[in-house]
Protein chains: 2
Amino acid sequence: MALDSASQNQRRSDAPEVVVARLPQYVRILTRLLQEGAEVVSSQQLGEKLQVTPAQIRKDLSYFGRFGKQGRGYSVIHLLERLKLILGLNSFWNVAVVGVGRLGRAILSYPGFTPDGFHIVAAFDSNPDVVGETIAGLTVSSLEELDEVVSSKKISIAIVAVPTEHTQGVVDRLVACGVRAVLNYAPISPQVREGVRVRNIDPVLSLQSMTYYLTDHPVD
Amino acid sequence: MALDSASQNQRRSDAPEVVVARLPQYVRILTRLLQEGAEVVSSQQLGEKLQVTPAQIRKDLSYFGRFGKQGRGYSVIHLLERLKLILGLNSFWNVAVVGVGRLGRAILSYPGFTPDGFHIVAAFDSNPDVVGETIAGLTVSSLEELDEVVSSKKISIAIVAVPTEHTQGVVDRLVACGVRAVLNYAPISPQVREGVRVRNIDPVLSLQSMTYYLTDHPVD
DNA sequence: CCGCATTCGTACTAATTTTCACAAATACCT
DNA sequence: AGGTATTTGTGAAAATTAGTACGAATGCGG
């Protein structure tokens with residue numbers, strides 16, 4: 001009880017990254033529970049749904065405040081609201097897609113980003129044949145216009161689906177335009193300055209880390 | 001996240017899962033180095049390319065054997081071969097895609113799996129309008145034929161891109177047919193019996209874990 | 001061939017992450 | 001109202017993961 005700031009509700013800055021990465025899963029489960037009409041949920045129940053120990057859930061949440069009631073659990077709607085606020089999911093995010101090839105088109109047509117508050121408001125490609133084309137209601141812009149459009153449309157997140165060899169260059173340009181979060185689909189990990197976040201979507205790496213377990217390994 | 005680490009490791013060498021997950025990245029870098037004509041590489045150089053400490057690379061490799069030479073480093077071609085053997089990447093893997101909607105089509109048309117030894121040899125869908133269609137040279141089969149085709153084509157890995165509500169059911173059927181590794185694109189984490197591996201591709205979770213850092217958090 | 005610069009492999013140490021376990025608070029039953 | 005069953009939040013312990021540092025090889029230049 002001696003820790004003053006530690007026991008306050010606003011202690012957020014020092015939450016480990018691994019904890020932050022779990023919060024969106026909690027948000028997802030809570031959203032479903034809310035739809036199902038649940039009013040209260042315990043860390044025990046959440047843990048079962050997420051295949052995680054109840055202690056971990058309580059510990060994770062404790063980095064951000066005290067949201068539960070002993071003997072009762074967490075108010076689904078209240079905890080959900082708090083977590084969305086913490087993650088910045090209480091408002092919309094404007095997103096650009098860079099690279100309108102096969103993959104970029106699939107991303108532009110994918111309806112799964114919008115319900116979660118990510119609005120794709122611009123698409124870019126370097127190919128003059130593609131620029132001007134309209135996909136899923138969006139007209140593809142030239143990369144020349146990147147700076148202007150990113151500024152005017154207040155874009156802070158980019159989804160990058162360009163050929164591997166252009167990825168680092170595109171990411172550099174995006175960061176120079178003020179983008180601070182990049183979701184990259186190329187099979188490399190772009191380097192960025194501190195303060196910029198990158199997540200890589202790399203299905204081949206995922207497959208390759210599973211084949212290890214499909215292979216017989218002598219105990220040696 | 002891990003359920004029961006004691007029961008996870010049976011006869012297998014005891015390399016932590018987090019180490020196994022890094023090996024494919026080593027393989028990727030080594031492949032590139034080999035193409036560039038490099039014959040030898042040190043943990044120092046590998047570490048720079050991967051943004052990890054040299055010690056971590058040496059430690060990771062030491063779980064599987066002794067591959068380097070003091071004062072010299074690692075033979076690129078030799079280390080690459082050994083890692084591919086460890087990961088089971090020295091031969092081909094037959095893969096099925098289940099769900100031929102927009103996403104499934106994009107996956108079937110994606111050329112990036114083949115060079116890494118993952119051969120998509122079957123596609124399944126429940127929609128009779130889609131069954132029989134040919135995409136990227138593959139004729140879509142009905143889900144009825146799952147068991148037969150998985151057996152006859154020796155498929156041990158499945159890529160699942162079906163609507164969320166059907167995902168668990170499809171995964172259950174796949175596991176019943178003998179599939180032991182699943183790459184899932186739906187925004188849930190399918191539950192499987194021990195011994196079956198699942199990796200989820202979930203771009204929304206990735207985005208949501210970045211928005212935290214784009215949001216101002218009072219320090220106190 | 002000798003000394004010096006490299007670099008591995010690993011025992012040891014540090015940091016991080018997870019789990020345990022328990023006081024305190026709450027709900028509910030009789 | 002009193003007793004019992006829940007369940008949180010959190011220090012402390014345990015487990016896992018990463019990093020340090022150094023002995024032992026190895027190669028090279030003179």
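Letters go in sequence order (proteins before strands), and every chain restarts at 1.
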Most 5' of B/V41 and A/V18 on DNA chain C, judged by nearest nucleotide: B/V41

Please report, rounded to the nearest Å, how far the C1' atom of D/dT8 is from the CG atom of A/L46. 13 Å

Taking for each residue the nucleotide of DNA chain C with the nearest heavy atom, is it A/D60 or B/S42 whose nucleotide lies nearer the 5' end? B/S42

Using a strict threshold of under 4.0 Å (side-chain N to carboxylate O), is an ion pair present between A/E17 and A/R22? no

Can you check whether any acceptor in the base of D/dG19 is under 3.5 Å from a donor in the side chain of B/K59, or vice versa? yes

Would you mind building the protein contact string for nucleotides 21-30 of chain D? One character per nucleotide, 5' to 3', B for base within reach (heavy atoms under 4.0 Å), S for sugar-phosphate only, - for untouched. B-BBBBS---

Roughly, in whole Å, what's the span from CD in A/Q44 to P in D/dT6? 11 Å

Can you tell whether the side chains of A/D202 and B/R199 come within less than 4.0 Å, N to carboxylate O? no

Strictly below 4.0 Å: does A/S62 bring a side-chain N or O up to OP1 or OP2 of D/dG9? no

Under 6.0 Å between ring centres, would you say that holds for B/H119 and B/F113? no

Please classify the nucleic acid contact of B/P16 as base, sugar-phosphate, or nothing, using heavy-atom distances under 4.0 Å. sugar-phosphate

Euclidean distance, atom CD1 of residue B/I57 to atom C1' of D/dT17 [Å, nearest integer]: 15 Å

